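In what follows, a single structure is set out as structure tokens and then discussed.
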Amino acid sequence: MKKKMKSILSLALASVALVGSLGISGQAHADNDFRGWPTLRQGSSGGYVRALQSNLWASGYQSTVGSIDGSFGAGVTSAVKSFQSREGLTSDGVVGSGSWNAMNKYVTTVVTDYEFYFWGPHSTTYYVSYVHPGGNTSTLNYYLQYKSNSSTVNSGRVY
């Protein structure tokens, strides 16, 4: 009986931990801006880096960033440092809450609450559209688009 009770208690605690972690992660992604996004630095990779690269293209640094490949290399580091200097931040090449908050100045949220845009004033060519497909806040896709006709240059999944 004691062993069975211990198993039930362990299962209950695991369930609470799972539900709690899902609630926390869901909350972090429910905002329609860059709050709560992870710290990125040279060597980082993945969807958040592709989103960062797209934002840097839309900030006028496309030639410095190079291709949007999800790899935080020397070109991205250089573009981040330039962005940070322009925004009055410490130019260390690490994208933390200060850099994400600076990018939030250029975010516009659409009425649906499932889409937001990064519209950098320093690029006349590109902007980035972020969409929670079907209103599902556990998934976020990005679309790097031309300002002139909204055609997509690059797209992918952030998370």
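The structure displayed is predicted, hence computed values, not measured ones.
Sequence neighbours left out, the pairs with a member in residues 95-109 that pass salt bridge (Lys or Arg N to Asp or Glu O under 4.0 Å) are E87-K105. Pairs passing the side chain to side chain donor-acceptor pair (under 3.5 Å) check and including a residue from residues 51-62, sequence neighbours excluded, read Q53-D69, N55-Y130, Y61-R86.
Residues Y127 and F118 form no side-chain contact, since every pair of their non-hydrogen atoms from C-beta on lies 4.5 Å or further apart. Contact of the Y142 side chain with the N154 side chain is registered, since non-hydrogen atoms from C-beta on lie closer than 4.5 Å.
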Please tabulate, for side-chain N and O atoms in residues 73-81, each donor-acceptor pair with protein atoms closer than 3.5 Å (sequence neighbours left out).
from: T77; atom 1: OG1; to: Q42; atom 2: OE1; distance (Å): 3.1
from: T77; atom 1: OG1; to: G73; atom 2: O; distance (Å): 3.0

What side-chain donor-acceptor pairs closer than 3.5 Å can you find for residues 93-100, not counting sequence neighbours?
from: S99; atom 1: OG; to: Q84; atom 2: NE2; distance (Å): 3.0
from: W100; atom 1: NE1; to: P38; atom 2: O; distance (Å): 3.0

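Scored by the side-chain contact (heavy atoms from CB on, under 4.5 Å) test, S155 finds Y143, T152 as partners (sequence neighbours excluded). Applying the salt bridge (charged side-chain N to carboxylate O under 4.0 Å, His left out) rule to K147 yields no partners; only residues at least two apart in sequence or on another chain are considered.
Ring orientation note: the planes of H132 and F116 are tilted relative to one another, at an angle of 30° to 60°.
The closest side-chain donor-acceptor pair between S129 and E115 falls under 3.5 angstrom. T90 and D92 share no donor-acceptor pair across their side chains, judged by distance under 3.5 Å alone.
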Test log, rule side-chain contact (heavy atoms from CB on, under 4.5 Å), inputs T139 and Y159 | CA-CA 5 Å; T139 301; Y159 56 80; 5.5 Å; no
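Without hydrogens or angle criteria, N104 side chain to F34 main chain gives a donor-acceptor distance under 3.5 Å.
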